[in-house]
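Notes to accompany the following structure.
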Amino acid sequence: MSFQTLLDEIRKNLLTVLENEKISQIPFTLESAKEGFGDVSCNIAFQAAKTLKKKPNEIAPLIAKQYEKFLGGLVKKVEAHPSGYVNFYAEIGKMAQVIITQSQKTDFGKVDVGQGQRVTVEHTSVNPNKALHIGHVRNVVVGDSMTRILRQANYDVQTLNYVDDSGLQVADILLGFTELKFPLEPPNGQKFDHYCGDEVYVKTTEQYLTKPELQEKRNSILKEIEEGKSDIASFATQITSRVLGEQLKTCWRLGVSYDCLNFESEIVRSKLWPEIFEQLKKMELIKFESEGKNKDCWVILSEGEEDKVLVRSNGTATYIAKDIPYAAWKLGLVDDPFYYKKYSDQPSGKTLYQTTLTPNNSPKHDYSSNLVITVIDSRQARLQNIITKLMSQFSSNKKEYVHLSYESVTLSSETANSLGLDTGGKSAQMSGRKGLYVNADRILDALEQKTKEETKKRNPELSDESLSKIATTVAVATLRYEMIKQDLDKIITFDTAKSLSLEGDTASYIQYAFARAGRILEKSQLAPNFDANYQLLVDDYEYSLIKTIGKLDLAVQDAARNLSPKVIAKFCYSLAVSFNAFYEHVRVLDAEPELVNARICLVSSFQSCLRTALELIGIDTPSRM
RNA sequence: GGGUCCGUAGCACAGCUUGGAUAGUGCGGUCGCUUGCGGAGCGACAGGUCGUGGGUUCAAGUCCCCCCGGAUCCGCCA
């Protein structure tokens, strides 16, 4: 804790003041002050106005006066503003001392929102019949950033990636391979997931318009996949695992890793569904309709909306019957039918496991939690609400299923245009089926090329290998940052040309600040001595930077509590802004040795803070760029 | 038709959870800054009926309701 230390001190003293004044029941909030109003502002005078029957601007001076006896800690001045706020001014040197020293500890920026509680996060979950596009990237990046943030907030996080390998979209490409005879090997060494999505899927679904009989064929393929015994089924496994392998490469390229893969086909074959179906009947959470439009169906009743058919009149289950067992499994509400085996190593060093129904001697894993977070776009909100409600009825109230919803990524009219669609100036929804999307690997390639050129301009002496490495780091950062810097409920209108921008509120701006700081430290040829004279750091730009560093933990807490990764992105940006202003106005190396050391400590503190914060959103910090 | 979400500067967004001071940031525009620790930078200026109307309140961009505009979902498809 750091800026929090200041808040804690003020809160404690204010409570004593209230106690002395016999008005201790007044609730109040302390907040970081706006520019020009000191460091911390308190609304206590507003809150007390009614009780004391006085105006806020009469109460504030009284409080301020009473507080004066507590000055001398971190607070050097307290002031009643005519508006009614009580404003606190901190002792800069002491704040610098506290914050910079604490920033060197390994637990700096860690908070205890989770108290060690286990949470299961599912994200990515892309159908294994195509490559990731930028819409999927939003899901991946939100899920991965949230995972990192929750870990920082002392949650024990398990991440899952659900592979829908028994859906219609898989049947579509199988039909392409078996009936339409697409070659199994992509031309010119094309990535297999790109090939399946761009070629096989798009061209196969096109054919449904002219050859409706293909759709029947598709349905029979789907049935065979679900049953899992035929040659078609094993061919499906072969295709989907190959696509999955390529998809995971894209995810790893983005710096994302997982704990376990779940396959829908195994959920289907595990017999979890019949078991849960019986329980749902017993608990009377579902209803058999004997008349009406859903005659002879089992339905989930839903207030204010259409009932959802769960089991058709012919006795077969609908798709939602695949999602319910999975949700229940994640919450640990059913006996785990799975065995586990290693799927692969990951670039992060973490081993990726997968479920299997084939018995083995490998150790059992447990990925279930009382808190399950599922990252899915907002268009699936209705289905997710049904599942959330059903799970809350199905379990004890200490279990919680959360749909972490985010708005979709659409294409700007210019970008849609470049893909051959005239939208009349409007943005357009992406469509895998129509081939209307921006492929994730390709946008990363374009970003890498651009950033490599930019880096080369500035660092002509660097080797091609170093340049590529830096370019990868900046490219991934840029894409990730664009995907989480805004609120989850805002649509992102993606424009390929604009996405290549590296100025202003972008990841490269932030990384650049880090690199600049590194160059100062490098040039100084000094190791910071943190037993420094922080009283020397009196400049406004220095102080503003120190304060921002001290607020990392507040940002982590906010982001974790509200499941809002953008809070960390905003923090990183404001930290970089503070540093760049400092850099422009304060010369670190042109000062007396004692002051140089104090400033070097600050620069070093800035670096460790920014590195920690950027890690929470999966962004690396190049020392040069 | 019903449900959910969005509406803040030319454009893209923050601020709304927890009401309070002077509504912030980026892009774009105009004008400046480099024999200096890296200009992917810094500074200045211009640009706002916070969609409309009501309500609650001493106080509303923030809370409540109506309306308008936009997005999205609503199959015995997955």
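Chain letters run A, B, ... following the sequence lines, proteins first, then strands; residues in each count from 1. Computed from a prediction, not measured in an experiment: that's the story for all the values here.
Partners of A:Val311 by side-chain contact (heavy atoms from CB on, under 4.5 Å), not counting sequence neighbours, listed by chain and number: A:Trp273, A:Phe277, A:Trp298. Remark: A:Glu213 engages A:Lys211 in a side-chain contact (heavy atoms from CB on, under 4.5 Å) (not counting sequence neighbours). Under the rule for a side-chain contact (heavy atoms from CB on, under 4.5 Å), the partners of A:Ala560 that lie at least two apart in sequence or sit in another chain are A:Val113, A:Ile149, A:Leu150, A:Ala153. Applying the salt bridge (Lys or Arg N to Asp or Glu O under 4.0 Å) test to A:Lys217 and every residue at least two apart in sequence or in another chain returns A:Glu179. Annotation: ring pair (Phe, Tyr, Trp, His ring centres under 6.0 Å) contacts of A:Phe514 (sequence neighbours excluded): none. With sequence neighbours excluded, the residues forming a side chain to side chain donor-acceptor pair (under 3.5 Å) with A:Tyr326 are A:Asn262, listed by chain and number.
The interatomic distance linking A:Tyr512 (OH) with B:rG41 (C1') rounds to 5 Å, in whole Å. B:rG20 atom P lies 22 Å from atom CD of A:Glu58, rounded to whole Å. Residue A:Glu31 contributes atom CD, which lies 13 Å from atom C1' of B:rC16 at whole-angstrom precision. A:Glu584 has its CD atom 18 Å from the P atom of B:rG32, to the nearest Å. Rounded to whole Å, atom C1' of B:rA14 lies 15 Å from atom CG of A:Asn562. In this structure, the CD atom of A:Glu454 is 12 Å from the C1' atom of B:rG39, given to the nearest Å. A:Gln607 places its CD atom 13 Å from the C1' atom of B:rC37, with the value rounded to the nearest Å. Taking atom CZ of residue A:Phe37 and atom C1' of nucleotide B:rU22, one finds them 6 Å apart after rounding to whole Å.
Only the P atoms considered, B:rU30 is 25 Å distant from B:rU8, to the nearest whole Å. If you take atom P in B:rA60 and the same atom in B:rC50, they sit 13 Å apart, rounded to whole Å. With P as the reference atom, B:rC16 and B:rG55 are 26 Å apart, rounded to whole Å. Taking atom P in both B:rG51 and B:rA14, one finds a spacing of 13 Å when rounded to whole Å. Going from the C1' atom of B:rC65 to that of B:rG24 covers 29 Å, rounded to whole Å. Remark: the separation of the C1' atoms in B:rG48 and B:rG54 is 23 Å, to the nearest Å. B:rA12 and B:rG7 have their C1' atoms separated by 14 Å, with the value rounded to a whole Å. Taking atom C1' in both B:rG53 and B:rC45, the straight-line distance is 36 Å, to the nearest Å.
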In sequence, state the C-alpha distance, the side-chain angles, and the governing distance for A:Thr506 and A:Thr478, and then conclude on side chain to side chain contact (heavy atoms under 4.5 Å, CB included). CA-CA 6 Å; A:Thr506 62; A:Thr478 301; 5.5 Å; no
Between A:Glu289 and A:Lys295, is the salt bridge (charged side-chain N to carboxylate O under 4.0 Å, His left out) condition met? List the steps. CA-CA 5 Å; A:Glu289 294 286 2; A:Lys295 186 171 186 302; over 6 Å; no
Pair A:Lys498, A:Asp495 - check salt bridge (charged side-chain N to carboxylate O under 4.0 Å, His left out), show working. CA-CA 5 Å; A:Lys498 285 182 185 160; A:Asp495 185 275; 5.4 Å; no
Could you go step by step and tell me if A:Glu79 and A:Lys77 meet the salt bridge (charged side-chain N to carboxylate O under 4.0 Å, His left out) rule? CA-CA 7 Å; A:Glu79 196 175 71; A:Lys77 188 172 95 176; 3.6 Å; yes
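Across all strands shown, A:Ser508 has heavy atoms under 4.0 Å from base atoms, whether or not it also approaches the sugar-phosphate. As judged by a 4.0 angstrom heavy-atom cut-off over every strand, A:Arg624 is placed among the base-contacting residues. Contacts of A:Lys55 with the nucleic acid, taken as non-hydrogen atoms under 4.0 Å apart, are absent. A:Tyr583 comes within 4.0 angstrom of a nucleotide base, judged by non-hydrogen atoms across all strands. A:Thr455 comes within contact range of at least one nucleobase, with a heavy-atom separation under 4.0 Å. A:Asn87 comes within 4.0 angstrom of a nucleotide base, judged by non-hydrogen atoms across all strands. At a threshold of 4.0 angstrom between heavy atoms, the contacts of A:Arg516 are confined to the sugar-phosphate backbone, with no base atom among them. When heavy atoms are screened at a 4.0 angstrom cut-off, A:Ser41 is found touching base atoms of the nucleic acid.
Checked by atom type and distance alone, the side chain of A:Asp377 never pairs as donor or acceptor with a backbone atom of A:Glu407 at under 3.5 Å. With hydrogens and angles disregarded, no donor-acceptor distance shorter than 3.5 Å links the side chain of A:Asn127 to the backbone of A:Asn129. The main-chain N or O of A:Val170 is never found under 3.5 Å from a side-chain atom of A:Asp165 such that the two would form a donor-acceptor pair.
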Protein-to-nucleotide contact annotation, 5' to 3' order, nucleotides 73-78 of chain B [B base; S sugar-phosphate only; - none; under 4.0 Å, heavy atom]: SS-BSB
Reading 5' to 3' through nucleotides 55-64 of chain B, protein heavy-atom contacts under 4.0 Å coded B for base, S for sugar-phosphate only, - for none: ----------
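In this structure, the nucleotide among B:rC42, B:rA21, B:rA40 sitting nearest to the side chain of A:Asn580 is B:rC42. Closest to the A:Lys523 side chain, of the nucleotides B:rC37, B:rA40, B:rA14, is B:rC37. Each of B:rA14, B:rG43, B:rC37 was ranked by its minimum atom distance to the side chain of A:Arg587; first place goes to B:rC37.
Taking a pair as Watson-Crick or G-U wobble with both distances under 3.5 Å, the runs of three or more consecutive pairs in RNA chain B are B:1-7 with B:68-74, B:10-13 with B:24-27, B:29-33 with B:41-45, B:53-55 with B:63-65.
Listed by first and then second residue, the ring-ring contact (aromatic ring centres under 6.0 Å, His included) pairs that reach into residues 28-64 of chain A are A:Phe37-A:His81, A:Phe46-A:Tyr85, sequence neighbours excluded. Annotation: salt bridge (Lys or Arg N to Asp or Glu O under 4.0 Å) contacts involving residues 470-480 of chain A, sequence neighbours excluded, comprise A:Asp144-A:Arg480.
Of the residues in residues 489-502 of chain A, those lying under 4.0 Å from RNA chain B by heavy-atom distance are A:Asp489, A:Lys490, A:Ile491, A:Leu502.
Within the cation-pi definition used here (under 6.0 Å to the ring centroid, within 45° of the axis), A:Arg458 does not qualify as a partner of A:Tyr512.
Distances shorter than 4.0 Å separate none of the side-chain N or O atoms of A:Gln511 from OP1 or OP2 on B:rA40. For B:rC42, one of the phosphate oxygens OP1 or OP2 lies less than 4.0 angstrom from a side-chain nitrogen or oxygen of A:Tyr509. Here A:Lys570 does not reach the OP1 or OP2 of B:rG26: none of its side-chain N or O atoms lies under 4.0 Å away.
With salt bridges taken as basic N to acidic carboxylate O contacts below 4.0 Å, none links A:Glu266 and A:Arg269.
Heavy-atom nearest nucleotides on RNA chain B were determined for A:Ala581 and for A:Leu589, and the one closer to the 5' end corresponds to A:Leu589.
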